[in-house]
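The shown structure was predicted, so the numbers you read here are calculated from the model rather than taken from an experiment. Residue numbers start at 1 and run along the sequence shown. Worth knowing before you read on, the calculation uses all heavy atoms, side chains too, and leaves out hydrogens, waters and symmetry mates. Order of appearance sets the numbers: ligands from 1, and atoms from 1 within every ligand.
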Amino acid sequence: MKTPRYLLDYSNINFEKVYIDFLIIGTGIAGLYSAIHAHKWGKVLIVTKEKLEDSNTEHAQGGIAAVFDKEDSTELHLKDTLVAGAGLCNREAVQVLVNEGPARVRELIDMGTNFDRHHDQIALTREGAHSRRRILHAGGDATGEEVRRALTNVVVNQLGIPVHEKTFILDLITHEGRCYGALAYCHHYKKFVAYLAPITIVATGGCGQLYRTTSNPDVATGDGMAFAYRAGAELMDMEFIQFHPTTLYIPGLPAFLVSEAVRGEGAVLRNANGERFMHKYHPMAELAPRDVVARAIVDQMKKDGKLHVWLDITHRDAEFLKNRFPTIYKTCLKNGIDMAKDWLPVAPAAHYMMGGVRTDLYGATRIPGLFACGEVACTGVHGANRLASNSLLDGLVFGYRIFEKAIPEFKSFNEDLDKIPLFIPEPKYKKRRSLCSTYRKRLQLLMSEKVGIIRDEEGLKSALETLEDWSKCLEFEFSSMEEWETQNMIQIAYIMVRSALVRKESRGAHYRRDYPESILSYKGRHFVFQRESQESDSVELES
Ligand SMILES: Cc1cc2nc3c(=O)[nH]c(=O)nc-3n(C[C@H](O)[C@H](O)[C@H](O)COP(=O)(O)OP(=O)(O)OC[C@H]3O[C@@H](n4cnc5c(N)ncnc54)[C@H](O)[C@@H]3O)c2cc1C
């Protein structure tokens, strides 16, 4: 596939220039939290493509995993994370996550996050594949919203950090292998802006929108992975996308997540005959790792000839459910389902990207001046399958560590940003066109059918062929955010399919029906993609 360096031919565009010390892209937990820490060192500016609260973070329900209980230990948290990660976790990254996690969560509390309490103690719940109760939650099942509220209060009201909303980052500014900020289009003021900064932090989240059914909001289109890749950053572990086992299945409505914590509080899965089935698939039954539960549900749906299975929490009374899961309870009720009396129709949906922009344990990419954290980044901490509630924690821990490397880089920066060319003209000027709006829907369908929970060589190859064909759209120039997102999605989808094709085994979230077993020689090995030129990219197998 040809991957041009930029989405647009910028040579005839007039950019307004904005100079700052730290450019942060994204207003989820990773972007907001790293902005707070960057503020100690210089002038910070955050951009986000829609409104501040439009992010995966806002939708997080279950909570944040961290060792707070005296019955628990970081060794156990480490072990649970490694087991869920199915032999692919970067052990060092996991050690950092579990050891530094509690301090970061305490800081979140000091910043004003109100976690739920029980008898004046922080209430801890248990989720799938956790061996202890270690999930802090807020507002019952509205943890993300509360975290966003608290961080926004610090960013906007206490520190006065500017946030440019409705500003879509198109491409990174690079010159002689270093990053100097990003090029953007502000769709509120309808102008192009060049943000010039010695340090750029990408915190653009995941890419669930690549699938027809997803728990992710509309903004999760993988832009950060795509523009970082075009600029020369590496993408790693792109074959691993996690499907959440239980989203509410209401035909015609977007998937709504039914948190793992519901199973943590004793909910059971039932087939069309009302029988439990999870014990046939895993000794931990409903609390088995997510990939196992998602595949078991797909298998059961196939056996039943249905588009969903049932989730039953009717052993809990309405009072408990209203308090513990207010958002889920209300959403169900709105759809005519009383959780205390009725079973919930549920099906899996694309949820979390384990892969992403490859970074070291300090968020540094291979491009000086460019850092990444949160769901867009890949340290290998989640391996082949993320443990529930480790993702918000990841955004905090690695969003914080960035500054150990970024600050020395910032302090030694002595270039004149005004002299940096904003882009390098491409050899071939692009032609303008409009992208048929059905492309995105067709892409989502293709990914769901051929690159979903269960994959095989034939399906992946046919997906690759289709994407090769669609990738021609990258050579044209479009004029709306929706079209730019779709171009990014096609680019990311292509790398996901190539990664899935080269991993001829099953591991964690990547299940190949033609290679159903894990193969020892793939254990701990990662596929890394990098754009070398417009004509070619490279794939490497790294240990
Ligand atoms: C329904 C749901 C429930 C979840 N529950 C939990 C949970 O209980 N516990 C847990 O640990 N994890 C949970 N997760 C996962 C977790 O919420 C995310 O992985 C995490 O919030 C990601 O944070 P982030 O800051 O990296 O990205 P996000 O929160 O997704 O933020 C990304 C930001 O980047 C912006 N952006 C993207 N592209 C561009 C662009 N081109 N230009 C400008 N801005 C851009 C977006 O608008 C957004 O502001 C859940 C996810 C979902 C969807």
Q.
Ile25 versus ligand 1: do any nitrogen or oxygen atoms come within less than 3.5 Å of each other?
A. no
Q) Does even one non-hydrogen atom of Gly395 get within less than 4.0 Å of ligand 1? A) no
Q: Report yes if some N/O of Gly224 lies less than 3.5 Å from some N/O of ligand 1; otherwise report no.
A: no
Q: Before signing off on this row, confirm whether Ile29 and ligand 1 have an N or O atom pair separated by under 3.5 Å.
A: yes
Q: Find all atoms of ligand 1 within a distance of less than 4.0 Å from any non-hydrogen atom belonging to Thr204, and give their numbers and elements.
A: 32 (C), 34 (O), 36 (N), 37 (C), 38 (N), 39 (C), 45 (C)
Q | Option nearest atom 9 (N) of ligand 1 (shortest heavy-atom distance, choices Ala60, Gly63, Gly144) | A | Gly63
**Q.** Asn90 (side chain) donor-acceptor with Thr379 (main chain) under 3.5 angstrom
**A.** yes
Q. Regarding Arg316 and the six-membered ring of Phe320, is the cationic atom NZ or CZ under 6.0 Å from the ring centre and inside 45° of its axis?
A. yes
Q) Is the closest heavy atom of Thr143 to ligand 1 under 4.0 Å? A) no
Q: Establish, yes or no, whether the cationic atom of Arg401 lies under 6.0 Å from the six-membered ring centre of Tyr362 and within 45° of the ring axis.
A: yes
Q.
Pairs of nitrogen or oxygen atoms closer than 3.5 Å, one from Gly206 and one from ligand 1: do any exist?
A. no
Q: Decide whether an N or O pair under 3.5 Å exists between Asp54 and ligand 1.
A: yes
Q: Return yes or no for this condition: an N or O of Leu393 is under 3.5 Å from an N or O of ligand 1.
A: no
Q. Looking only at non-hydrogen atoms, which of His244, Met353, His59, Glu165 approaches atom 2 (C) of ligand 1 most closely?
A. His59
Q) Relative to the heavy atoms of Asp223, which atoms of ligand 1 are at a distance of less than 4.0 Å? A) 38 (N), 39 (C), 40 (C), 41 (N)
Q) Which atoms of ligand 1 have any heavy atom of Thr167 under 4.0 Å away? A) 42 (N), 43 (C)
Q. For ligand 1, is there an N or O atom under 3.5 Å from any N or O atom of Asn216?
A. no
Q) Evaluating non-hydrogen atoms only, which member of Ile169, Ile24, Asn488, Thr48 is closest to atom 49 (O) of ligand 1? A) Thr48
Q) Is the shortest N/O to N/O distance between Ser215 and ligand 1 below 3.5 Å? A) no
Q: Can you sort out which atoms of ligand 1 are near Tyr352, meaning under 4.0 Å from one of its heavy atoms?
A: 19 (O)
Q: Report yes or no: is the cationic atom of Arg106 (NZ for Lys, CZ for Arg) closer than 6.0 Å to the six-membered ring centre of Phe68, at no more than 45° off its axis?
A: yes
Q) If we only count N/O pairs under 3.5 Å, is Gln61 in contact with ligand 1? A) yes
Q. Could you go step by step and tell me if Glu53 and Arg148 meet the salt bridge (charged side-chain N to carboxylate O under 4.0 Å, His left out) rule?
A. CA-CA 7 Å; Glu53 60 274 20; Arg148 191 269 307 148; 5.4 Å; no
